[in-house]
**Student:** 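Below you will find the structure I want to go over with you.
Nothing fancy with the numbering, it's 1 onward along the sequence.
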Amino acid sequence: MSSCRGQKVAGGLRVVSPFPLCQPAGEPSQGKMRSSCVLLTALVALAAYYVYIPLPGSVSDPWKLMLLDATFRGAQQVSNLIHYLGLSHHLLALNFIIVSFGKKSAWSSAQVKVTDTDFDGVEVRVFEGPPKPEEPLKRSVVYIHGGGWALASASASWSPSDEIRYYDELCTAMAEELNAVIVSIEYRLVPKVYFPEQIHDVVRATKYFLKPEVLQKYMVDPGRICISGDSAGGNLAAALGQQFTQDASLKNKLKLQALIYPVLQALDFNTPSYQQNVNTPILPRYVMVKYWVDYFKGNYDFVQAMIVNNHTSLDVEEAAAVRARLNWTSLLPASFTKNYKPVVQTTGNARIVQELPQLLDARSAPLIADQAVLQLLPKTYILTCEHDVLRDDGIMYAKRLESAGVEVTLDHFEDGFHGCMIFTSWPTNFSVGIRTRNSYIKWLDQNL
């Protein structure tokens, strides 16, 4: 500390100055400010480095997608840490984080009545739209949410009265715009249950809803019912549709099926869309393969081998029978195959299919179903996105259905990414989200 602080002589008088004379006023605070600016700049640079990922120029709202992806990656890393510390399963933790940021209790509006109930022991949320005066009976959509068979449902893990708001908003819009009854099925999730329990839940709930007395209760026209779902929910919807064609009491009960960027097979993780979008948010290839392994309660040691198709190599005899049904060189148009080459290993790991025979089960992989099953399916809508590893699953399924004589509408969005249809409200409102939702609801309105 300076010994000459505040003393000077002026006209014989001793004056005490408010500032030190040996050091300019404010210098310590200026130094602190410079340090704070340097620290802030470093933090901003680190945040930008974490958020930024290279994206195709054609994707919708790229910077907003980067922020969404960074948020999701951050949630995944926190959930993985929780798992590592032994506090909870990483999927339970991740689901809790997602639902906490976007949960919504059942809430009715002037136009849509919303109630939580259960159908044969399976929790559902029912959205009843306004009736049309000229139509005493309403049309209906049974909707199955996505989330890798493990996420996006509050009721399965935490709070029976809450549902993730993105799906709540979608179902409310559908009920209001279609004057319809929307049944959102809250099936049980991984790791509480594994394949095929999720399918059993959606089949049981849908069968219950189709009972004449239940349809009458909700004033639903039995001839105007659609099954629909997105991502893993699209997988479950496709599996349910196929099962219903093989049940004499349920055949022709569904007028339509509408599948939104569905996941339909786990035998080829090197289709052109998997190769093109290997690191594209919000569903990179590695994450999708891990969802499959979790769904089957498999070993994570299999993930890397599955990524390079070692589980379906030429020496894996069990996969030979279905390989032709996944031949994307004949099922995809040249505009999608581009210059990509098939990845077919000569020798691989037969142990994977032996330990996970579910991989070859059409209930998990509807794309490999027999032609005789496909030809019995109802009119179909399939929405696909260019920037999505699952793009080719949907396009190949559309091709196989058309070859089986099913009327198919393939709705492809060049600027779309996986999951985009549920992102329609601030702060995660994407242009392509609004357009995909509007196109989907328009098709339902014209065909249901």
Side-chain angles (χ1 to χ4, degrees), residues 119-120 122 124 141-153 156 183-190 193-210 225-268 288 291-297 322 325-326 356-384 390 393-398 400-401 404 406 408:
F119 286 174
D120 194 17
V122 180
V124 298
V141 178
V142 176
Y143 196 86
I144 308 171
H145 70 80
W149 306 283
L151 307 173
S153 172
V183 177
S184 178
I185 300 178
E186 295 297 300
Y187 57 92
R188 292 169 296 165
L189 303 177
V190 174
V193 297
Y194 301 91
F195 173 88
E197 293 304 314
Q198 287 81 355
I199 298 173
H200 292 163
D201 283 358
V202 300
V203 169
R204 191 162 69 249
T206 306
K207 281 185 175 180
Y208 181 90
F209 179 61
L210 292 176
I225 298 171
C226 171
I227 183 71
S228 184
D230 66 296
S231 191
N235 170 279
L236 296 173
L240 181 147
Q242 291 182 7
Q243 286 201 34
F244 274 26
T245 66
Q246 301 170 68
D247 188 327
S249 65
L250 296 170
K251 193 179 295 184
N252 302 321
K253 290 288 187 179
L254 301 175
K255 183 178 181 180
L256 306 171
Q257 67 171 345
L259 312 177
I260 313 301
Y261 30 76
V263 50
L264 298 170
Q265 59 87 26
L267 300 174
D268 186 353
M288 186 65 247
Y291 280 140
W292 274 112
V293 172
D294 282 321
Y295 188 34
F296 296 148
K297 201 178 180 180
V322 298
R325 299 174 188 177
L326 295 169
L356 299 177
Q358 308 97 309
L359 287 162
L360 301 175
D361 191 327
R363 291 176 301 169
S364 75
L367 181 56
I368 66 174
D370 292 337
Q371 185 90 341
V373 173
L374 299 183
Q375 66 186 14
L376 299 174
L377 288 168
K379 182 187 291 189
T380 300
Y381 171 90
I382 298 177
L383 187 149
T384 57
L390 303 180
D393 283 22
I395 296 173
M396 287 192 288
Y397 197 46
R400 288 208 64 208
L401 288 173
V406 177
V408 180

**Student:** Do Thr206 and Lys253 have side chains that approach each other closer than 4.5 Å (heavy atoms only, starting at C-beta)?
**Tutor:**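 No. Closest side-chain heavy atoms not under 4.5 Å.
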**Student:** I want to check something: taking the side chain as every heavy atom from C-beta on, are Val142 and Ile185 in contact at a cut-off of under 4.5 Å?
**Tutor:** yes
**Student:** Quick one: closest heavy-atom pair of Gln257 and Ala238, and the distance?
**Tutor:** OE1-CA, 4.1 Å
**Student:** I need the Leu236 CG to Leu259 CG distance, nearest 0.5 Å.
**Tutor:**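 CG of Leu259 is found 11.0 Å from CG of Leu236.
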**Student:** I want to check something: taking the side chain as every heavy atom from C-beta on, are Val193 and Gln198 in contact at a cut-off of under 4.5 Å?
**Tutor:** yes
**Student:** Mind listing the closest non-hydrogen atom pair of Ala232 and Gly147 along with its distance?
**Tutor:**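 Shortest heavy-atom contact: CB-N, 4.3 Å.
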**Student:** Decide yes or no for Gln243 and Ile199: does some side-chain heavy atom of the first lie under 4.5 Å from some side-chain heavy atom of the second?
**Tutor:**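 A side-chain contact under 4.5 Å exists here.
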**Student:** So do the side chains of Asn235 and Trp149 get within less than 4.5 Å of each other, counting heavy atoms only?
**Tutor:**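 Asn235 vs Trp149: side chains touch.
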**Student:** For His145 and Tyr187, take the angle between the two ring planes, folded into 0 to 90°, and tell me which bin it lands in: parallel under 30, tilted 30 to 60, perpendicular over 60.
**Tutor:**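 Parallel.
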**Student:** For a 4.5 angstrom cut-off between non-hydrogen side-chain atoms, does Leu377 reach Leu254?
**Tutor:**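 A side-chain contact is absent here, since even the closest heavy-atom pair is not under 4.5 Å.
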**Student:** For the atom pair CG (Leu401) and CD (Gln375), what is the distance rounded to the nearest 0.5 Å?
**Tutor:** 11.0 Å
**Student:** When rounded to the nearest 0.5 angstrom, what is the spacing between OG in Ser184 and OH in Tyr143?
**Tutor:**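 Separation between the atoms: 8.5 Å.
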**Student:** Starting at CG of Leu189, measure out to CG of Asp294 and round the result to the nearest 0.5 Å.
**Tutor:** 12.0 Å
**Student:** If the plane angle is over 60° it's perpendicular, under 30° parallel, otherwise tilted; pick one for Phe209 and Phe119.
**Tutor:**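 The rings of Phe209 and Phe119 lie parallel, inter-plane angle below 30°.
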**Student:** Which residues pass the ring-ring contact (aromatic ring centres under 6.0 Å, His included) test with Tyr261, not counting sequence neighbours?
**Tutor:**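 Testing Tyr261 for ring-ring contact (aromatic ring centres under 6.0 Å, His included), a comparison that skips the adjacent residues, returns His418.
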**Student:** With a 4.5 Å limit on heavy-atom distance, are the side chains of Tyr397 and Val408 in contact?
**Tutor:** no
**Student:** What closest approach, in Å, do Ser228 and Ala237 show between heavy atoms, and which atom pair accounts for it?
**Tutor:** C-CB, 3.9 Å
**Student:** Under 3.5 Å, is there a donor-acceptor pair between the side chain of Asp230 and the main chain of Ile260?
**Tutor:**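 No; zero donor-acceptor contacts below 3.5 Å.
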**Student:** Taking atom CD1 of Ile395 and atom OG1 of Thr384, what is their separation to the nearest 0.5 Å?
**Tutor:**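 If we round to the nearest 0.5 Å, Ile395:CD1 and Thr384:OG1 are 4.5 Å apart.
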**Student:** Are the side chains of Leu256 and Tyr381 in contact, using a 4.5 Å heavy-atom criterion?
**Tutor:**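 Tyr381 vs Leu256: side chains apart.
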**Student:** Can I get a per-line list of side-chain donor-acceptor pairs under 3.5 Å for residues 362-373, giving both atom names and the distance, sequence neighbours left out?
**Tutor:**
residue : atom : partner : partner atom : Å
Arg363  : NE   : Asp361  : OD1          : 3.3
Arg363  : NE   : Asp361  : OD2          : 3.2
Arg363  : NH2  : Asp361  : OD2          : 2.8
Ser364  : OG   : Gln358  : O            : 2.7
Ser364  : OG   : Asp361  : O            : 3.0
Asp370  : OD1  : Arg325  : NH1          : 3.0
Asp370  : OD1  : Arg325  : NH2          : 2.9
Gln371  : NE2  : Ser403  : O            : 3.3

**Student:** Within this structure, what is the CZ-CG distance for the pair Arg400 and Leu264, rounded to the nearest 0.5 Å?
**Tutor:** 11.0 Å
**Student:** Testing the basics here: between Ala152 and Gly146, what is the closest heavy-atom pair and its distance to 0.1 Å?
**Tutor:** CB-O, 3.5 Å
**Student:** Decide side-chain contact (heavy atoms from CB on, under 4.5 Å) for Leu374 and Gln242; before the verdict, give the C-alpha distance in whole Å, the side-chain angles of both, and the deciding distance to 0.1 Å.
**Tutor:** CA-CA 7 Å; Leu374 299 183; Gln242 291 182 7; 3.8 Å; yes
**Student:** May I have the step-by-step check of side-chain contact (heavy atoms from CB on, under 4.5 Å) for Val183 and Tyr208, ending in yes or no?
**Tutor:** CA-CA 11 Å; Val183 177; Tyr208 181 90; over 6 Å; no
**Student:** Kindly say whether Asp120 contributes a backbone atom to a donor-acceptor pair with the side chain of Arg204 at under 3.5 angstrom?
**Tutor:**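 Such a contact is found between Arg204 side chain and Asp120 backbone.
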**Student:** Take Phe244 and Val203 through the side-chain contact (heavy atoms from CB on, under 4.5 Å) test and state the conclusion after the steps.
**Tutor:** CA-CA 9 Å; Phe244 274 26; Val203 169; 4.2 Å; yes
**Student:** Compare every heavy atom of Ile382 with every heavy atom of Pro262, then report the nearest pair and how far apart it is.
**Tutor:** CD-CG2, 4.3 Å
